[in-house]
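Numbered from 1 within each chain, the chains take letters A, B, ... in sequence-line order. When reading the values below, keep in mind they use all heavy atoms of this one structure, side chains included, and skip hydrogens, waters and symmetry mates.
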Amino acid sequence: MNPDWIAGLIGGLMIGAAAALYLLGNGRIMGASGLLGGLIDGTGRSNRAERIVFIVALVLVPALLVRSDVVQPAQPVAGLGVLTLAGLLVGFGTRLGNGCTSGHGVCGISRLSKRGIVATLVYLATGVLAVVAVRLLGWSV
Amino acid sequence: MIRLLIAAISGGLFGAGLAISGMTDPAKVRGWLDIFGAWDPTLAFVLGGAILFMAIAWRFKTPRQPAPSAPVDGRLIGGAALFGLGWGLSGLCPGPAMASLTFSGPSVVIFFTAMAAGMALFGIWSKRV
């Protein structure tokens with residue numbers, strides 16, 4: 001089997017374990033956009049410290065893994081203008097749709113939530129559309 | 001205190017999983033969405049592994065909650081559609097953007113800043129409507 005697929009599966013199981021721990025330990029859905037968004041717009045005031053600690057660990061542990069050569073740093077695939085537009089779309093869209101890949105994709109689909117399944121099908125479809133559009137328009141790095 | 005410890009372990013494990021799985025590599029994410037080109041199935045293994053683990057975890061959740069009853073509405077579909085466009089353009093979604101904030105150069109920092117601005121804009125917009 002392709003080593004990338006094995007790494008993907010191992011990493012995926014770790015992501016699942018993290019979401020399971022957050023659900024069973026703290027009784028909350030592990031959704032990256034919701035955890036950050038609640039800090040930004042103030043809707044997550046009641047468990048602010050928990051959100052901050054989660055995000056700090058989420059940033060620091062991968063930094064340590066790169067520093068100790070376990071993981072290689074990645075290269076961007078888009079220029080700064082495209083990245084800015086994409087960031088705005090991701091930020092606004094995940095808050096409007098109430099979730100991203102972790103909340104809708106991992107936590108929603110695993111409990112067979114209709115909203116999670118529909119959201120995931122929609123963002124996969126528009127994601128494919130964006131990649132095709134980028135190729136047709138000839139946008140690269 | 002225990003809640004903060006759980007948040008730290010969960011956040012760290014999430015970050016490690018994202019980095020090890022290849023989710024923090026925008027080229028891999030683009031490859032996954034590039035179904036009409038050189039399709040890269042790696043993300044199916046990532047999502048599959050994560051969903052498998054979580055599907056088991058939901059069985060241990062007490063009290064067993066039914067799936068959320070909120071309806072599929074225009075906000076869900078519109079929001080997911082916008083998110084997908086941004087995801088495809090950049091190869092980044094919120095979790096991996098935070099996980100690779102320290103090691104993928106200024107591009108991820110710019111993406112993250114724009115994403116935070118988008119979230120703030122939503123906060124302002126949602127208070128007005």
Side-chain angles (χ1 to χ4, degrees), chain A residues 4-5 8-9 11-16 18-22 25-26 32-33 37 40-41 50 53-54 57-59 61-63 65-66 71 73-74 76-78 83-84 86-97 100-102 106 109-111 113 118-119 122-123 126-128 130-131, chain B residues 3-4 6-8 10-17 19-21 25-27 30 33-34 42 45-46 49-51 53-55 57-58 67 72 75-77 79-91 93-95 98-99 101-104 107 110-111 114-115 118-120 122-123:
Chain A
D4 278 10
W5 300 355
L9 186 62
L13 288 168
M14 290 169 75
I15 295 166
L21 178 66
Y22 207 53
N26 284 8
S33 58
I40 289 174
D41 65 19
E50 206 176 299
V53 166
F54 183 96
L58 166 59
V59 174
V61 170
L65 290 177
V66 167
V71 174
V77 292
L83 282 171
T84 304
L88 286 168
L89 287 168
V90 169
F92 193 89
T94 52
R95 293 304 278 160
L96 179 64
C100 58
T101 338
S102 46
V106 175
I109 291 180
S110 61
R111 79 189 305 199
S113 146
V118 169
V122 171
Y123 67 67
T126 56
V128 167
V131 170
Chain B
R3 291 186 69 92
L4 295 183
I6 286 172
S10 176
L13 195 57
F14 183 37
I20 288 169
S21 66
D25 182 354
R30 274 268 188 92
L33 293 171
D34 197 5
T42 304
F45 290 88
V46 184
I51 289 170
F53 207 113
M54 259 313 262
W58 279 116
V72 172
R75 281 194 170 209
L76 180 85
I77 292 173
L82 295 178
F83 161 49
L85 287 176
W87 191 38
L89 287 176
S90 61
C93 54
M98 290 189 269
L101 206 47
T102 59
F103 58 81
S104 289
S107 63
I110 284 163
F111 176 87
M115 179 175 84
M119 289 177 168
F122 173 77

Tell me, for [X] versus chain B, whether the close heavy atoms (under 4.5 Å) come from the side chain, the backbone, both or neither.
X        : result
A:Ile40  : side chain
A:Leu65  : side chain
A:Val90  : both
A:Ser102 : side chain
A:Val106 : both

Among the options [options], pick out the one with the most heavy-atom pairs lying under 4.5 Å from chain B.
options                            : result
A:Gly93, A:Ser110, A:Ala74         : A:Ser110
A:Leu58, A:Asp41, A:Leu83, A:Val71 : A:Leu58
A:Leu88, A:Leu96, A:Val118         : A:Leu96
A:Val59, A:Ile15, A:Thr84, A:Val66 : A:Ile15

Q: Could you tell me the separation between the CH2 atom of B:Trp87 and the OG1 atom of A:Thr94, rounded to the nearest 0.5 Å?
A: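 The distance works out to 13.0 Å.
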
Q) So how far is it from A:Ser33 OG to A:Phe92 CZ, rounded to the nearest 0.5 Å? A) 13.5 Å

Q: Could you tell me whether the side chain of B:Phe45 reaches within less than 4.5 Å of the side chain of B:Ser21, counting heavy atoms only?
A: no

In terms of heavy-atom pairs under 4.5 Å, which option from [options] contacts chain A the most?
options                            : value
B:Asp25, B:Asp34, B:Ile77          : B:Asp34
B:Ala8, B:Ala57, B:Gly95, B:Ala99  : B:Ala99
B:Gly15, B:Gly49, B:Gly86, B:Ser10 : B:Ser10
B:Val46, B:Leu76, B:Ile51, B:Ile20 : B:Leu76
B:Gly88, B:Ala80, B:Ser90, B:Gly91 : B:Ala80

Taking every non-hydrogen atom, the tightest pair across [X] and [Y]:
X       : Y        : result
B:Ala81 : A:Val122 : N-CG1, 3.5 Å
A:Met14 : B:Ala16  : CE-CB, 3.5 Å
A:Leu89 : B:Leu85  : CD1-CB, 4.1 Å
A:Ala57 : A:Pro62  : O-CD, 4.0 Å

Q) Under 3.5 Å, is there a donor-acceptor pair between the side chain of B:Arg3 and the main chain of A:Asn26? A) yes

Q: Measure from the ring center of A:Tyr22 to the ring center of B:Phe14 and say whether it is less than 6.0 Å.
A: no

